[in-house]
Each structure stands twice: as C-alpha cells, then as structure tokens.
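Note sheet for the following structure.
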2 protein chains.
Amino acid sequence: MNERPKIKDIAERLGVSAATVSRALSDSGLVAEPTLSRIREVAREMNYRPNVSARNLRTQRAMAVLMVVRDVGNPFYLEILKGVEATARAAGYSVLMGNTENDSDREVEYFDMLRDGHADGMILMTGKLPAREGFLDSVADAPIVVALEEIRDAGFPHVMIDNEGAARDAVEHLIGLGHKRIAHISGPVPEIMSVSRRNGYRAAMQAAGLAIPDGYEPVGDYLLHTGQRLCRELFELPQPPTAIFVANDEMAFGVIHELRRLGLDVPGDVSVVGFDDLFLSEAFYPPLTTVSQPRAEIGRAAMNMLLDMLAGGLTPRKPAMLPTTLKIRGTTAPAPK
Amino acid sequence: MNERPKIKDIAERLGVSAATVSRALSDSGLVAEPTLSRIREVAREMNYRPNVSARNLRTQRAMAVLMVVRDVGNPFYLEILKGVEATARAAGYSVLMGNTENDSDREVEYFDMLRDGHADGMILMTGKLPAREGFLDSVADAPIVVALEEIRDAGFPHVMIDNEGAARDAVEHLIGLGHKRIAHISGPVPEIMSVSRRNGYRAAMQAAGLAIPDGYEPVGDYLLHTGQRLCRELFELPQPPTAIFVANDEMAFGVIHELRRLGLDVPGDVSVVGFDDLFLSEAFYPPLTTVSQPRAEIGRAAMNMLLDMLAGGLTPRKPAMLPTTLKIRGTTAPAPK
DNA sequence: GTGAAAGCGCTAACAT
DNA sequence: ATGTTAGCGCTTTCAC
C-alpha cells in the first residue's frame with residue numbers, strides 16, 4: 001500500500017503538466033503518442049490510482065448507484081443484485097447495497113446518500129417511501145427507479161412483474177386440479193405487492209364461483225416462521241383448506257414444514273403453491289410448485305432504466321412488465337375426495 | 001432533490017464564516033451557544049447534507065469499509081454481512097459489498113478500491129489473494145481482516161471457526177451412530193477451508209480405525225447441483241456409504257434430493273450431515289443435521305478488529321476462533337444393519 | 001469563540 | 001498537443 005502516488009508525481013517525473021497526465025489517463029484522445037504511452041507506462045509502474053474523492057468532487061458524480069432493499073438477508077434479492085451489478089459494472093458504475101429493515105430512519109438515510117453525493121441514482125425495492133410529510137416532493141425529480149414493488153402516484157419509473165396475473169394463474173392451476181377449498185397466506189397488507197397477489201387469488205376464486213370462507217386469508221410477513229404459524233391456524237378452522245396459495249416461497253417452506261408436523265401429506269392431503277422460486281425450491285421436498293420471476297432480468301432492466309435517466313433521458317411513463325412462469329413441481333396434486 | 005445547499009449558503013444566511021458552520025455541524029464543541037443552535041436549526045431547515053467527496057478529500061478517509069466475498073448470491077454471507085454492518089454503522093462507517101465470483105481481476109479491483117480511497121479497510125472472505133506476482137507485498141500493511149477463510153503466511157489478522165474440529169465432531173457423531181462406511185463430499189481443494197474440513201473428517205475416521213475407500217472423498221464446489229452429481233457417483237461405487245458428511249448445507253440439500261431420487265430413505269438408509277446451518281436447513285425435510293456457525297458474531301468480530309486497526313491499533317497475531325455447534329436434527333440415524 | 005486562508009487531488013476552461 | 005489556472009466543498013491550521 002504505502003505511498004499513494006498522485007497525478008503530480010507522475011507529471012513531475014516526466015516533465016509534463018498534471019493536466020496532460022489527467023488527459024492521458026482518461027483516454028480523452030487529446031494526448032499525442034510519444035507522451036501518451038510514457039504516461040501510461042509510468043502510471044502503471046507507479047501503481048497509480050486516481051483518488052475517487054477528488055475526482056468525484058470535481059466531476060460532481062460518484063459513478064455509483066444505490067440498491068435499496070428491505071432485507072439483504074433475503075436470498076430473493078441476490079439474483080436481482082447480480083443483474084443490477086453486471087449492468088452497472090459494464091457502464092462503469094459500482095453498486096452500493098442499502099438495507100432498510102423496514103425502518104423509516106434508515107430509509108431516509110439512503111435517500112440522503114443521494115443528496116450527499118455518495119451515489120448518483122437509486123433502485124428502490126422497498127415498496128414505499130419514508131413516512132415523512134412532504135417527503136415525496138423533496139425527492140420527486142431524483143434519479144430513482146422503483147423495482148419489484150410499486151409506489152403509486154410517485155411518478156417514478158417502474159420495473160415489475162404482473163403480480164396479480166401471476167397469482168391468478170397459480171390459483172387457477174389449483175382450481176384446475178379440482179380444489180375448492182383454497183386458502184391464501186398473504187404478505188403484509190396494505191402493501192401493494194401483497195394486495196396484488198391477494199387480488200389475483202380473489203379474482204381466480206370469484207371467476208370459478210368459489211367462496212372464500214372466513215379465516216382463509218391470513219396475513220403474513222414473508223417470513224418462514226409466520227408461514228408455519230398461519231398454517232397451524234388454518235388447520236384449526238372447522239373446514240380446513242385442501243390447498244394453500246402462499247405469497248412467497250419462504251413462508252411456503254414454513255407451511256409445508258408445519259403440514260408435515262400435523263401429519264398431513266403434501267401434496268396427497270394438501271397442495272401448496274409458493275411464489276418466488278428460490279434456488280432451493282426445487283431441491284426442497286417435495287419440490288415446490290411456485291411462480292418463478294426473472295430476477296436477474298429485473299435487475300438488468302431496472303439498472304438500464306436508471307442509466308438512461310442518469311444520461312439525461314426521460315423517465316418512462318409506462319412500467320416495464322416482465323413475464324413470470326408457473327413452475328409446476330411436486331407440491332400440487334388433484335384434490336382429495 | 002433540487003438545490004444542494006453548501007456550507008457557504010448556511011454561513012451567508014447567518015452572517016458567520018464557513019469555518020464556524022463546519023465546526024458547529026461536527027460537534028467539535030468549539031462553537032458558542034447562541035450561534036450553535038441557530039446554525040443547526042438553519043442546516044436542518046435547509047435540509048443540508050455535507051458533500052462526502054469534499055469531506056473525504058479533505059480528511060483523507062472514506063468512512064467506509066469493503067466486505068469482499070466470492071458470491072453475494074450465497075445466503076450464507078448475508079448474516080455475516082448483517083453483523084459487519086451493524087458494527088460498522090455504530091462506528092459511523094458504511095459497508096460496501098464486493099463480489100469476486102472467484103475472478104482474479106475482480107479481486108484486484110477491490111484491492112484497488114482501498115488505494116483509490118473508496119474504502120478505508122477491507123474484510124476479506126475469499127480465502128485467497130489475487131494470483132499476481134508480488135501482490136502480497138503491495139498490500140501487506142493495508143488494513144485488512146481475513147474472515148471465515150484463511151490466508152496463510154500473509155500476516156493479516158483472522159476471524160475464524162475451527163473448521164477441522166467442527167468437522168471432526170460431525171463425523172464422530174456419525175461414528176457414534178454406528179456408521180462405518182462414511183464418505184465426505186468436500187469443497188474445492190486445495191482451498192484451506194475445504195482442506196481443513198476434510199482433515200477433520202480424516203482425523204475422525206482414523207481415530208476410529210475406519211478405512212476411507214477409494215472414491216469416498218469426492219471434491220465439490222459448494223453448489224447444489226454438484227452435491228447432487230457427486231452423490232450419484234458415490235452410489236455407483238461397489239460399496240456405497242451409509243453416511244455422508246458434506247462440506248456445506250447447499251451441497252447437502254443436493255445430496256438429499258438425489259438420494260430421494262435414488263429411492264433411498266434419509267436417514268433410514270443413509271445419514272447426512274451438512275455444514276453451515278442455513279436458515280432453511282431446519283425447515284428442510286428431513287430437518288438437516290449440520291454444523292452451525294455464529295455468523296453474525298463472525299461479522300461483528302471481524303468488523304471490530306478492523307475498527308481497531310483503522311484506529312491505529314496493532315494487528316492481532318493470534319486468530320480469533322469462534323465456537324461452532326453441531327445441530328443434531330432429522331438427517332442422521334443409527335446405521336442400517 | 002470566530003474568521004481568514006490554505007489546500008486535499010483532480011479535471012476542465014481557456015490559452016497558446 | 002500541451003500548459004496554466006481555477007475551483008469542486010469541505011476541514012483545519014493559524015491568527016485574533
């Protein structure tokens with residue numbers, strides 16, 4: 001590590017000006033050939049790296065973007081991150097990860113990082129803005145792309161999947177197998193993503209003329225243990241379901257775990273459909289039937305949109321909708337008689 | 001977003017100097033009371049945030065650290081990250097995530113981020129240095145803490161678990177259940193972590209006087225599908241094992257998945273022990289017997305060590321060894337006759 | 001306790 | 001094609 005050479009050191013050693021060195025190193029095409037090569041060579045030899053603070057201060061850009069999620073601990077976000085990262089790197093940007101844990105203060109902190117020059121733009125996947133009066137106004141024209149979740153009426157560009165449609169497809173699959181008593185464990189309401197998936201469930205049920213009994217729509221929080229608990233409650237009902245559509249895979253794992261403890265066979269006694277297609281879902285036993293999202297693609301699309309905005313492009317009015325796939329595996333079977 | 005007020009704006013509005021504003025905002029205790037409060041108030045009112053590039057340039061510190069892993073996609077790292085992050089935040093540092101994908105160029109890039117001022121220190125969890133001649137010398141005195149994996153002879157402080165001891169305990173558990181034909185699916189050799197776990201396996205086998213037949217030590221790469229494939233190969237052997245100690249949970253999931261496909265019961269026909277205790281391991285079916293590491297604690301310990309170094313403390317000579325626990329769950333049972 | 005002034009390392013406008 | 005100069009926004013001596 002030791003000495004950190006600066007542009008001036010290189011310049012002095014070659015008897016040229018600092019400006020020339022800067023130009024040579026930035027491929028500006030403004031430096032002539034005998035000098036150019038010598039500068040590059042010396043820079044490499046001295047192991048020179050430009051100081052980012054100085055450069056960012058001067059250029060007023062950080063060449064970094066912020067990707068903000070609720071919970072870095074959720075493996076779901078990782079493949080999205082990979083998509084974001086690959087696209088960002090290709091454009092010379094680095095990616096900072098932000099983790100809010102649903103804490104409003106931390107949400108604000110990440111928005112602050114935009115204002116203090118830590119990052120030039122943000123991909124927001126928390127599904128909400130900090131609950132502060134007038135907050136939206138203060139960030140309305142910032143370079144922000146909302147992905148995965150939705151923030152209505154904020155005017156930000158969106159990259160999403162059709163949660164409602166995907167949920168409807170999943171429930172229709174269950175209905176097609178002859179199930180009539182189908183329950184839904186949702187995510188936190190009234191968050192839009194949770195509501196959309198629940199709406200898809202309701203739409204499919206209604207279209208098939210099936211009733212949704214009291215207690216068939218317990219509200220969860222996407223966590224494993226909650227799936228377990230809500231499943232138990234479902235089976236304390238006078239008329240328990242024969243199929244459950246769960247709003248995400250993690251809760252679905254909890255549900256299946258609990259069903260097993262209750263001595264019920266999956267899918268013999270109860271069918272289960274999840275949502276997300278985590279990398280473990282296929283190796284789970286039984287392999288989980290679930291809705292698969294193009295995660296890396298979501299990341300790439302969001303980052304591309306953000307790059308457009310940073311380059312001065314306009315913000316797209318219409319959300320980008322990416323397609324989902326229902327992966328039919330081992331946790332769904334015809335309804336028991 | 002709009003206007004980004006600077007210190008000068010605040011100063012002018014109050015008729016004080018920029019220096020005073022800077023001092024007031026940094027809690028230096030050098031500004032007297034009538035002024036102090038007014039500055040703070042105006043700063044809040046103007047929604048002021050100091051520009052990080054300018055500050056970092058001036059102070060020559062980024063107040064950020066880099067946590068570099070092989071694969072952000074591995075949920076294993078997430079809880080470590082949480083530990084690192086919590087400790088870092090408390091000390092006023094932010095955490096940048098680095099993802100190498102085992103690519104030497106990317107590894108170098110992250111070291112460069114130390115030199116270009118992006119970060120002040122690094123927590124390295126890749127288990128190796130970039131394979132460049134003289135590389136070690138160039139970073140030998142950088143503020144780097146190695147966690148999880150080990151880099152021998154580099155002189156960096158380490159935060160680790162006793163991989164060999166934990167592996168030996170795991171295998172002894174199997175031996176205690178009466179198993180004699182025990183195979184081990186390892187991680188990539190010759191990486192130290194993989195080798196350590198394999199050594200633990202060998203030590204336990206030898207101590208029990210058990211032979212390790214040819215083909216009983218297939219080498220994997222910690223990935224799900226590899227576990228599947230190597231398991232299949234194991235059962236094409238003339239004398240297949242009755243128990244398998246797998247170097248991580250992800251491969252163990254693959255192994256169990258494959259055993260099921262082969263029509264073998266876990267743990268009735270074959271016992272399996274993993275290593276990591278992922279958050280899904282307990283909900284898996286059968287619940288996985290595995291070695292649990294104190295992940296968040298590893299993150300906290302590593303970050304604390306790094307903070308010490310950044311504060312000018314000495315680098316500890318002896319690695320910090322954190323304790324592991326063998327979680328005995330549902331994938332291990334007495335050996336079949 | 002506060003202000004004036006210098007300077008962190010870099011890039012960009014202007015000059016030649 | 002290269003050099004000179006100024007300045008990004010902040011913190012920190014050094015004065016008073």
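Only heavy atoms go into these numbers, but all of them, side chains included; no hydrogens, no water, no symmetry mates. Please read these numbers as outputs of a predicted model, since none were measured by experiment. Below, chains carry the letters A, B, ... as their sequence lines are ordered, and counting in each starts from 1.
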How long is the line joining [atom1] of [X] and [atom2] of [N], in whole Å?
X: A/Leu14; N: D/dT2; atom1: CG; atom2: P; value: 11 Å
X: B/Ile39; N: D/dC10; atom1: CD1; atom2: P; value: 14 Å
X: A/Arg115; N: D/dG9; atom1: CZ; atom2: P; value: 14 Å
X: A/Arg38; N: D/dT2; atom1: CZ; atom2: C1'; value: 13 Å
X: B/Ile10; N: D/dG9; atom1: CD1; atom2: P; value: 13 Å
X: A/Asp116; N: D/dC8; atom1: CG; atom2: C1'; value: 15 Å
X: A/Asn56; N: D/dC10; atom1: CG; atom2: P; value: 14 Å

Legend entry - side chain to side chain donor-acceptor pair (under 3.5 Å) contacts in which one or both residues fall within residues 50-65 of chain B, not counting sequence neighbours: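 For residues 50-65 of chain B, and leaving out neighbouring residues, there are no side chain to side chain donor-acceptor pair (under 3.5 Å) pairs at all.
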Legend entry - Nearest-nucleotide comparison on DNA chain D, the residue closer to the 5′ end among A/Pro34 and B/Lys8: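 Upstream on the strand: A/Pro34.
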Legend entry - Sub-4.5 Å side-chain heavy-atom contact between B/Ile80 and B/Met303: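 Counting from C-beta outward, B/Ile80 and B/Met303 never come under 4.5 Å.
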Inset, instruction - Check every strand shown and say whether B/Ser53 touches a base, only sugar-phosphate, or nothing at a heavy-atom separation below 4.0 Å. - result: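 B/Ser53: no heavy atom of the nucleic acid under 4.0 Å.
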Inset, instruction - Looking at every strand, decide which applies to A/Gly15 at a 4.0 Å heavy-atom threshold: base, sugar-phosphate, or nothing. - result: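 Sugar-phosphate: the residue A/Gly15, judged by heavy atoms under 4.0 Å, touches backbone atoms but no base.
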Inset, instruction - Kindly state each residue pair satisfying salt bridge (Lys or Arg N to Asp or Glu O under 4.0 Å) with at least one member in residues 19-37 of chain B, sequence neighbours excluded. - result: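 Checked against salt bridge (Lys or Arg N to Asp or Glu O under 4.0 Å) - neighbours excluded - the pairs reaching residues 19-37 of chain B are B/Asp27-B/Arg40.
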Legend entry - Within residues 145-159 of chain A or reaching into it, pairs that qualify as salt bridge (Lys or Arg N to Asp or Glu O under 4.0 Å) - sequence neighbours excluded: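 Matches after skipping sequence neighbours: A/Arg70-A/Glu149, A/Glu150-A/Arg152.
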Legend entry - For chain B, the stretch of DNA chain C it reaches, first to last nucleotide, under 4.0 Å of its heavy atoms: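 Endpoints of the contacted stretch of DNA chain C: C/dG1 to C/dG9.
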Salt bridge (Lys or Arg N to Asp or Glu O under 4.0 Å) against [X], all qualifying residues, sequence neighbours excluded:
X: B/Asp120; value: none
X: A/Asp308; value: none
X: A/Arg89; value: B/Glu109
X: A/Asp103; value: none

Inset, instruction - Please collect all ring pair (Phe, Tyr, Trp, His ring centres under 6.0 Å) contacts where either partner lies in residues 40-71 of chain A, sequence neighbours excluded, each pair once. - result: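 Residue pairs with at least one partner in residues 40-71 of chain A: there are none.
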Inset, instruction - Determine which pairs satisfy ring pair (Phe, Tyr, Trp, His ring centres under 6.0 Å) with at least one residue from residues 115-157 of chain B, sequence neighbours left out, and list them in order. - result: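 Only B/Phe111-B/Phe135 qualify under ring pair (Phe, Tyr, Trp, His ring centres under 6.0 Å).
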Legend entry - Axis bend over the full length of the helix from C/dG1-D/dC16 to C/dT16-D/dA1, computed from five pairs that close each end, to 10 degrees: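 Inter-axis angle at the termini of the helix from C/dG1-D/dC16 to C/dT16-D/dA1: 40°.
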Inset, instruction - Would you check if the side chain of B/Arg49 reaches a backbone N or O of A/Met113 as a donor-acceptor pair within less than 3.5 Å? - result: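 Looks like no, no N/O pair under 3.5 Å.
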Legend entry - Annotated protein contacts, base or backbone, on nucleotides 11-16 of chain D with a non-hydrogen cut-off under 4.0 Å, one of B, S, - each: BBB---
